[in-house]
Number of protein chains: 4
Amino acid sequence: MSRSTTPAAGAPDGAGPPRRQRSDAKRSAAALLDAAKTAFAQSGVDVPAKQITDLAGVGVGTLYRHYPRRSDLIVAVLQHEIDECVTAADELSSGAGPRAALVAWIGRFTEFVGTKQGLASALHSGDPAYEGLPDQLLEQLVPALQGLLDRAAAAGEARDDVSAREVLTAIALLSQPVPGGADGFSERMIAIFLDGLSVTG
Amino acid sequence: MSRSTTPAAGAPDGAGPPRRQRSDAKRSAAALLDAAKTAFAQSGVDVPAKQITDLAGVGVGTLYRHYPRRSDLIVAVLQHEIDECVTAADELSSGAGPRAALVAWIGRFTEFVGTKQGLASALHSGDPAYEGLPDQLLEQLVPALQGLLDRAAAAGEARDDVSAREVLTAIALLSQPVPGGADGFSERMIAIFLDGLSVTG
Amino acid sequence: MSRSTTPAAGAPDGAGPPRRQRSDAKRSAAALLDAAKTAFAQSGVDVPAKQITDLAGVGVGTLYRHYPRRSDLIVAVLQHEIDECVTAADELSSGAGPRAALVAWIGRFTEFVGTKQGLASALHSGDPAYEGLPDQLLEQLVPALQGLLDRAAAAGEARDDVSAREVLTAIALLSQPVPGGADGFSERMIAIFLDGLSVTG
Amino acid sequence: MSRSTTPAAGAPDGAGPPRRQRSDAKRSAAALLDAAKTAFAQSGVDVPAKQITDLAGVGVGTLYRHYPRRSDLIVAVLQHEIDECVTAADELSSGAGPRAALVAWIGRFTEFVGTKQGLASALHSGDPAYEGLPDQLLEQLVPALQGLLDRAAAAGEARDDVSAREVLTAIALLSQPVPGGADGFSERMIAIFLDGLSVTG
DNA sequence: TATGAATGAGCCTTCATTCAT
DNA sequence: CATGAATGAAGGCTCATTCAT
């Protein structure tokens, strides 16, 4: 009734691709997901929405259409990566030896967690939108690790009084990137932890 | 030479309101430090300044006088606790056995880190104000742990190819509170890590 | 001359999805009109377009095709009801006695206005799109009332120094629903007003 | 932690008064009240906050400090005027004759309502913030009118089966400014209504 | 020195409007 | 013709920071 918006915004960019090709909404959603992943990694979960949309090459409105709340975006990003991680476990479990497979997968997981810095803290922010989220995500990874862990335990190469879930959490913590951390810090600390995990005595 | 150096203990105040007269700026600074510690713990480092000043019972202006930048406050809070932690190490080192002392101090440290959640992420935020800060703080703790670690290594109870600094960092990570974490999660994971640390083979 | 003017009732449609084929644009326009009437009543004239289109079961684009500006929709809604009101006057004028017919029609009009709450304020919003609109709409009702009013005046049952237009406006105002209004408030106040109108002295 | 606001905004306006004189918060609140009154009258209750603050010569923040919610401002504006209206009643009641006083006060009230257009609709918006507000405001005016009404009734100049509250509401409705309204429209319609009110038969 | 009112930049979010399909 | 995804301007609101008192 009152909005007197200027008729059109005109072309925002002479150069870019021929834009707005009704590129099947999915394109936008995916681009946003990707942009968010990058933006979150660079600037944390509180990164301004504008930064994400610019990176994705879409308007803010599009972000809100696909991910009404910030948490929706965060969840989507996490879920997307978790999926990849689970897949990796399947592939690894049918390959190398018990210990090797365990180590390999943990390496993959470490990599994943390493780029998720801020995300974790968002999950614990108390925002009701994340209610049970960490748990839910973690549960998807538990089976992946459990299999590998069982094989190792069966081979006498791992203690059996620790749950896959706990190991997962511990590894996740040790995978956090640290400022003055020399290269391979995470890997070496995780190795020590795994050593402790092998102390079956 | 007879003028008392004490800054006018009996300032004239007949007129004005009974305002907090010359109430030693230090009082404010301390109150703010305390309030910040609490506020940070409750709401993270991004807690609104107002919340801190309200808690401290001072005006915002006072916060800015004592701690011009948010980082100044964060640093102060951390430094304050680090000091207490270092002191504890001194006391412990001259008490129990090598391993016991090590474990005890790490327990103390764990406790400290456990309540600092958000602070850590602030340090890694990339903000130039924290340039080298984590390092600097860590360095103060290194000597504290190194002594305990050396004693343990000398007694054959710890590998010697890991620096005190690395152990400190690893423990700090494992001390992070986790959401679904059962009681004693941190302690148990740290125990496993220490087990790995004892694997001198 | 043998070609049927009916626009291809049997359009080829073998391929595409069973889309609403040539579903008479009128259907959409009508559905929108109806939806708008409801939406306006519920949420005022500023109700988001989306809400109207959802209610009508059409896409936003369709709304803009039929009613480019919000005012077009508002005008259409009002016009639609005015028409019904005028029709009612015709029927009533040839029925009951002077006073009874007048009262009856005003009752009908009251009902109409009562559900138009927000619309009125839109008309007075200063938006050039409504320039002269209220006048135009009002003019259509004037004849309807004038006849009834004249009959009453002729019978000495109404003063004659007030125009049908003014009466119409006054009644419209008194018909506005009021919050704490007891049932029949409008009716009773209008009755008082009509009493005043009868004071021919 | 992240806000990198440019240090200062500099002087927004070379010409204006020497600004920011700590002019006793009340000054701001009053200026805002006044500006709001004007802005509401000109552009309705939904007028952008910026428009109000510009008019008041203060920053947006100041608006939110004094009136956190839009409704707070609306209520304040209304209350302010109600007060003046009530005061007027006191003065009038001890002056002219019964009917004259009644008419005079209603004139005053009409004036008040006439400039409140949009406000009324805000009160009926269903926003919980206005819960009971109209009632509350109305109740303050009821005693003012009741006295005048009683005097008139006692003098046989007004029917007694209508409450002051109802009269108040009816008058308020008739006082609404109408677009094509000739000068004195409200007054004349109200006069007719009052005539009806005098029909004691 | 302390206070807290004022400021305004910046971010979030909604929604009118366009336009590719 | 209809659809609904995309866009981006507009406005709400918060909160860091300054500065008059």
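A, B, ... follow the sequence lines: proteins, then strands. Residue 1 opens every chain.
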Let me check I have this right: for DNA chain F, each base becomes ., (, ), [, ] or |, based on Watson-Crick or G-U pairs with both distances under 3.5 Å. What is the full string?
.||||||||||||||||||||
Name the residue closer to the 5' end of DNA chain E, choosing between C/A49 and A/V47 according to the nucleotide with the nearest heavy atom.
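On the 5' side of the pair lies A/V47.
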Go nucleotide by nucleotide along DNA chain E from the 5' end; which of C/G61 and D/A29 gets its closest nucleotide reached first?
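Mapping each residue to its closest nucleotide by heavy atoms, the 5'-most match is D/A29.
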What is the distance, rounded to the nearest whole Å, between atom [atom1] of [X] and atom [atom2] of [N]?
{"X": "D/K50", "N": "F/dA10", "atom1": "NZ", "atom2": "C1'", "answer": "12 Å"}
{"X": "C/I52", "N": "E/dA16", "atom1": "CD1", "atom2": "C1'", "answer": "12 Å"}
{"X": "C/D54", "N": "E/dC15", "atom1": "CG", "atom2": "P", "answer": "12 Å"}
{"X": "B/R27", "N": "E/dT3", "atom1": "CZ", "atom2": "P", "answer": "13 Å"}
{"X": "B/D46", "N": "E/dC11", "atom1": "CG", "atom2": "C1'", "answer": "14 Å"}

Minimum-distance nucleotide to C/V60 side chain [options: E/dT17, F/dC13, E/dA5]
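Output: E/dT17.
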Side chain C/Y67, main chain C/A29, donor-acceptor under 3.5 Å:
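Confirmed, C/Y67 side chain pairs with C/A29 backbone.
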Please check: side-chain N/O of D/D54 versus main-chain N/O of D/Q51, any donor-acceptor pairing under 3.5 Å?
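Pair absent, no side-chain N/O of D/D54 close to backbone of D/Q51.
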Take B/V47 and B/R70, measure what side-chain contact (heavy atoms from CB on, under 4.5 Å) needs, and give me the verdict at the end.
CA-CA 10 Å; B/V47 60; B/R70 168 70 52 126; 4.0 Å; yes
Mind checking the CD-CD1 spacing from A/Q42 to A/I52? Nearest 0.5 Å is all I need.
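The CD1 atom of A/I52 is 11.0 Å from CD of A/Q42, to the nearest 0.5 Å.
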Atom OG of C/S71 and atom CG of C/L78: how far apart are they, to the nearest 0.5 Å?
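Taking OG in C/S71 and CG in C/L78, the distance rounds to 11.0 Å.
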Is there a residue in residues 63-78 of chain A whose heavy atoms reach under 4.0 Å of DNA chain E, and which residues are they?
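The stretch gives A/Y64, A/R70 as the residues lying under 4.0 Å from the strand, ordered by number.
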Heavy-atom side-chain proximity of D/R69 to D/D72 below 4.5 angstrom
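D/R69 reaches D/D72 side chain to side chain.
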Considering only heavy atoms from C-beta outward, does the side chain of D/T62 approach that of D/T53 to under 4.5 Å?
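Contact flag for D/T62/D/T53 side chains = no.
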Is the distance from OP1 or OP2 of E/dA5 to the nearest side-chain N or O of D/S28 less than 4.0 Å?
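No, because none of the side-chain N or O atoms of D/S28 sits under 4.0 Å from OP1 or OP2 of E/dA5.
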Is any side-chain nitrogen or oxygen of A/T62 closer than 4.0 Å to OP1 or OP2 of F/dT7?
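Yes, A/T62 has a side-chain N/O under 4.0 Å of OP1/OP2 on F/dT7.
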So what does A/V58 hit on the nucleic acid, given a heavy-atom distance under 4.0 Å: a base, only sugar-phosphate, or nothing?
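Contact class for A/V58: sugar-phosphate only.
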Below 3.5 Å, can you tabulate the donor-acceptor pairs from side chains in residues 33-40 of chain A to any protein atom, sequence neighbours excluded?
residue	atom	partner	partner atom	Å
A/T38	OG1	A/D34	O	3.2

Distance-minimising heavy-atom pair for D/L63 and D/L32
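Smallest heavy-atom distance, with atoms named: CA-CD1, 3.7 Å.
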